[in-house]
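A quick write-up on the structure given underneath.
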Protein chains: 2
Amino acid sequence: MAQGPTITTIAERAGVSIASVSRVLNGLPTRQETVRKVMAAAEELGYVRNAVARSLKSRRTHQVAFAMADVGNPAYLAMLREIQPVLKAAGYRLVLHSTGAVVADEIDVLHSLGERYVDGMIMVPLRVTEAHLQMLGAARAPVVVIGSVPEGTPVDNVRADSRTGVRLAVDHLHALGRRRIALVNGPTDTVPGAARGAAYREALAELGLPYDEELVEIGDFYRAEGGRAVAALLNRVSDVDALMCANDLIALGALDVLRAAGKRVPEDVAVVGMDDTDLAAASWPSLTSVSLGSAERGRVAAELLLDRLQDGEHEPRVVTVPPRLVVRASTTPEPPATRGRSRDGRSTEGGGTS
Amino acid sequence: MAQGPTITTIAERAGVSIASVSRVLNGLPTRQETVRKVMAAAEELGYVRNAVARSLKSRRTHQVAFAMADVGNPAYLAMLREIQPVLKAAGYRLVLHSTGAVVADEIDVLHSLGERYVDGMIMVPLRVTEAHLQMLGAARAPVVVIGSVPEGTPVDNVRADSRTGVRLAVDHLHALGRRRIALVNGPTDTVPGAARGAAYREALAELGLPYDEELVEIGDFYRAEGGRAVAALLNRVSDVDALMCANDLIALGALDVLRAAGKRVPEDVAVVGMDDTDLAAASWPSLTSVSLGSAERGRVAAELLLDRLQDGEHEPRVVTVPPRLVVRASTTPEPPATRGRSRDGRSTEGGGTS
DNA sequence: TTGTATGCGTTATCAT
DNA sequence: ATGATAACGCATACAA
């Protein structure tokens, strides 16, 4: 923990100037003899380059931030898992920001971009307020937003298509003969909540099914709250034969409640989740879920950011990642071969140490 | 994205010296008039303090690193979820390192500590080699290791007790009348693999059960590999009535294979996992699992690190977190009230955006 | 109270 | 090829 050696220390030890040391360390043309002396001194002293000083001079930190509402959210984790290796491969460190679903914190994080401790940022805003847009417009480093921002916002933008996603799910349920399809949504003042609510309504209309507001229940994006919402719904309407849940956690809560109520899934009530998290493949029964491409959105966002970090200026890009319906046991008793998709084994070694 | 203003810019604008600007910005005693001028200028220019320059001067980055094998591992994620808020509350940013289970990369990460882009580090090494110990001894910033390091290593140390953990599980299975209890382990050259292997043997001995090496199968800590290992095991021995799996992913793989083989869980074969990840509560059937306190280890590690970042020097501390058996359906048809523990609803809002 | 000047550890631009 | 020196943006000891 001692005061580490600097290029000055090395210069003295090697009997050369700090300029020469710097040159050797950066591989610039130098006489063999000098190289030898410097390398030897650096080796002996256990020299390690100071990243902070280097950043001050070079104006690059080789760090990138990833900001989302909650590290505990499996959808964000799926993004994180993709973002991390992409950035690492390009020589960037990843700084994590968990804003706790508080708008002020998200603004704060954007503000902190000005501190220049990162070269750029990937952000998944929960809501997109006027303040967000203002900060994004004034950002002093490149930002990639996962989610939707209005045209003209000067940031790259990776979108999911939850409209199509919801339609895939509702169509699927309809094709299975379900006609009383309820929506269990999260708060409608969030971006995903609003989008999914509207998409549900549209999907019904396209199928010629009536929109019955009795069939819509608003809770929160958590398992317990999802369960409560479903309980309330079942208490109100008795003939529900399918539940479209706004995310997987809500769907898991639904399964809990349905089981407790003695309803069979999918025979009595079919259940569809959203985000296709790890929990969906593992659940009981396994959960049909709409993948909104969390992983791919993360990967694309990382690539867009890297691209911009290198190229610098060009027009903002918008990429939309298509959704995909993953059918499992919660809608069909005999799910197709997809069961326990192979990517389930992708992660993890060493579940803790002794 | 313009060249941001610095204290020099502000000084000119306000007609004062950079020293005065710095004083105002840091709340040092200054004349009201000056304060006003500086604040006004800073406001107009949208000044944000440069964190890099500040760090170079103050020798503190207000960043902390968390290094583990794989961001995709739920056990590490559980730690991450606890570490993040603790550090955030103390004003530290979190830098993530995923070493990909490669020893050389772990050494690399320890080496990079010398670059001083972080004030300290929390690391979960997969193996603890001589190189690790050497780097830890020479570290130029405080390190907290989650896992076990030998006495005398100058770092704080948060341990799990997988020995007791395995015993809890084996005792549980024994109490349920199981006598042919197999171990499905990961590589025995990893810290957790070795510990769990030894603990299994001990637990059997204490119960007076014979150690039968036919009952031990080595695979890897993944779902697919776990499944393969179990398949091989079942193919070799026909009277297995319980599986002790070295982590939850292996256990999930076991459930897959048992189901495919037409075995009932837990009637024919009881299954226990380890780490008690989110997947355990969600699985089908829900999985009895030994919690090694991943979350708590993470929290404790963060607290130890913060403590050392403030206090500076004191004796290395060792904290051991006790394990806990969480009984679910995979060992008892009628699991206790623990089903779907309440913390399941803790995370997540907004499963992606449209 | 305020300004001048120095240093944090590097990189880069000059001369030499 | 090498050395002296100036920046990078900030904080601070010292002088005024």
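Throughout, protein chains are lettered first and strands after them, A, B, ... in sequence-line order, and every chain is numbered starting at 1.
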Is it the case that over 12 heavy atoms from other parts of the model lie below 6.0 angstrom from the CD atom of A:Q134?
no

Taking A:D156 for its side chain and A:V144 for its backbone only, find out whether a donor-acceptor pair lies under 3.5 Å.
no

So, OP1 or OP2 of D:dG3: does either fall under 4.0 Å of a side-chain N or O from A:S17?
yes

Could you list, one pair per line, each protein nitrogen or oxygen that sits under 3.5 Å from a nitrogen or oxygen of nucleotides 12-14 of chain D, together with the distance?
none

Taking ring pair (Phe, Tyr, Trp, His ring centres under 6.0 Å) as the test, write out the residues that go with A:Y92, two or more places apart.
A:H62

Between A:T129 (side chain only) and A:A131 (backbone N and O only), is there a donor and an acceptor less than 3.5 Å apart?
yes

Under a 3.5 Å cutoff, is there a donor and acceptor pairing between the side chains of A:H97 and B:R93?
no

5'-most by nearest nucleotide on DNA chain C - B:P29 or B:R59:
B:P29

Proximal nucleotide (of D:dT2, D:dA11, D:dG9) relative to the B:R49 side chain
D:dA11

Base, sugar-phosphate, or nothing for B:T34, non-hydrogen atoms under 4.0 angstrom?
sugar-phosphate

Could you tell me whether B:V52 contacts a base, only the sugar-phosphate backbone, or nothing, with contacts defined as non-hydrogen atoms closer than 4.0 Å?
nothing

Whole-Å distance, A:L56 CG to D:dA11 C1', equals 13 Å

5'-most to 3'-most nt of DNA chain C touching chain A (<4.0 Å, heavy-atom partner on protein side) reads C:dG9 to C:dT13

Please compare B:R54 and A:G15 by the position of their nearest nucleotide in DNA chain D and report the one closer to 5'.
A:G15

Report yes or no: does B:N157 contribute a side-chain atom to a donor-acceptor pair with the main-chain N or O of B:V145 at less than 3.5 Å?
yes

Mind calculating the distance between CD (A:E12) and P (D:dA4) to the nearest angstrom?
12 Å

How many Å lie between CD1 on A:I10 and C1' on D:dT2, as a whole number?
17 Å

Can any side-chain N or O of B:K88 pair as donor or acceptor with the backbone N or O of A:S98 at less than 3.5 Å?
yes

Between A:Y117 and B:T61, is there a side-chain donor-acceptor contact under 3.5 Å, judged purely by atom types and distance?
no

Shortest non-hydrogen separation from A:I107 to A:H132 and the atoms involved
CD1-N, 3.6 Å

